[in-house]
2 protein chains.
Amino acid sequence: MAIDTSRPAIVAVPRLELRESVTAALRELIFTGAFATGERLVETELAERFGTSRGPVRDAFAELEQVGLLTSGRGKGTYVRELTTIDVDELYTLRQSLETLAVRRAVDRLGETVVDELNGHVSAMEVAFAANDPVAAASADMAFHRTILEGADHGRLLVAWERLADQTRLLMHALSQILPEQRLGGLDHGPIVSAFETGDTVAAEMAIADHLDQARSIVMQSFAARDAASDLSD
Amino acid sequence: MAIDTSRPAIVAVPRLELRESVTAALRELIFTGAFATGERLVETELAERFGTSRGPVRDAFAELEQVGLLTSGRGKGTYVRELTTIDVDELYTLRQSLETLAVRRAVDRLGETVVDELNGHVSAMEVAFAANDPVAAASADMAFHRTILEGADHGRLLVAWERLADQTRLLMHALSQILPEQRLGGLDHGPIVSAFETGDTVAAEMAIADHLDQARSIVMQSFAARDAASDLSD
DNA sequence: GAGAATTTGTTCGTATGTATC
DNA sequence: TGATACATACGAACAAATTCT
């Protein structure tokens, strides 16, 4: 047992690679709106800001571009993605497809503890909406859906969904600036939870599909209104 | 003697980033089985092989890991992914979900020219199977499905599918070594094309779902048999 | 449209951590 | 286990390309 007990704490913590912590930091900055949509991100700037070289920043750019949070052209820089009504339609129709599959697989597998967890996220969502905290509301909302996705026990499904979840977070922030009154708060997660409680697979599939259709409709309307307004101002 | 993938139009296209051409070359080498599944890939080796520095190779590793063709651990190197029966199940169930959505959107949009294109891919597939050319058969098969996906006019759906398509190519190569007689040749694409011809959306959805279910069943059986055999030999 | 400034793409050196004998 | 070999993550400088003046 005479092994280097001088600094056990450091060894205990799993070493986080710089590229990952930079990626996580950037992701969070995007979600919280520290960067405006369409804003250009410069490697050297962020490298200095994070106290690293350009390498890890470059890696983070590449990953976040894959995820769909950033866009870049040939040597033309990297920008925070701007979402259009087409993007909104794609996001929600694809999420509908993925989450329907997730529900189908998850209903049988999940027990009461998960229903409690789902209810917890719903409560957190209501609190956040009441407090007019869109970031917290979005977090709770995504946590609700993530719980279902993780219950599906399907690695590739989860990975595919996580990319859309990240883009949804970006979307939510854009939306919070368009739609202050949070009409999304009116969306009901109840039927989904109920179907999970009774173990009714078909009802659960229909509930999640319906839920995402309503969300799509609301968000599409908001974006269409924004685009119409910006067209006028141009 | 292990060199020379530098056959393609060498300097003909100057406007391709090194990272992209390295990624494409690596992808092709994996599909054609130049690397065995589970084989370790070393940055310095491939950099020398491609005549570049380690940077672009590193970038290519990162992208192909995202795609699911490579795996890597923390400082443990990068390896060609090994597929299990669980991976096969995930691949085909998720493809079923995505391609069903694609069909739903594509049927209305696509005209006669696309039906001709689909028939062309089916013919190419039959020729390849008759010639016992699994690589060409896999190419034609994926081209068939890609045609449908592109017809869906849904960028994110296409991107998500392409990742699975790449992994399916990897799977096909592994399968060609397990199952020489190509039982997959028995799979029929006819009902899918027919439904497209008549414009029957529901029939098309059922046809593609059924098709992928059959493929999944065949491939799962093959992998289960392989695993059982390797368990005995251990 | 030419040239300067800035930013990205690429290369290579070095240190840290892993695997192996 | 201890020491060695080695691959990778990071840093820094060079080169090419784009944008702005």
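Note on naming: letters A, B, ... go to the chains in the order of the sequence lines (proteins, then strands), and numbering restarts at 1 for each one. The structure displayed is predicted, hence computed values, not measured ones.
- Every side chain to side chain donor-acceptor pair (under 3.5 Å) that B:E117 has, sequence neighbours left out, goes to B:T147.
- Using a 4.0 Å cut-off between a side-chain N of Lys or Arg and a carboxylate O of Asp or Glu, A:E65 and A:R81 do not qualify as a salt bridge.
- Of all heavy-atom pairs between A:V80 and A:L70, the closest is CA-CD2, 3.9 Å.
- Applying the side-chain contact (heavy atoms from CB on, under 4.5 Å) test to A:Q96 and every residue at least two apart in sequence or in another chain returns A:T100, A:A209, A:L212, A:D213.
- Here the side chains of A:Y92 and A:L164 are not in contact, with every heavy-atom distance at 4.5 Å or above.
- Within residues 62-71 of chain A, no residue has any heavy atom under 4.0 Å from DNA chain C.
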field: Sequence-aligned protein contact record of nucleotides 2-9 of chain C, with B where the base is within under 4.0 Å of a protein heavy atom and S where only the sugar-phosphate is
entry: -----SBB

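- Checked for salt-bridge contact, A:D153 and A:R105 miss the test: no charged N lies under 4.0 Å from a carboxylate O.
- Pairs of residues two or more places apart, or lying in two chains, that qualify as ring pair (Phe, Tyr, Trp, His ring centres under 6.0 Å) and include a residue from residues 138-163 of chain A are A:F144-A:H189, A:H145-A:H189, A:H145-A:H211.
- Scanning for side-chain contact (heavy atoms from CB on, under 4.5 Å) contacts around B:E45 gives B:V42, with sequence neighbours left out.
- At the heavy-atom level, B:G55 lies under 4.0 Å from base atoms of the strands shown.
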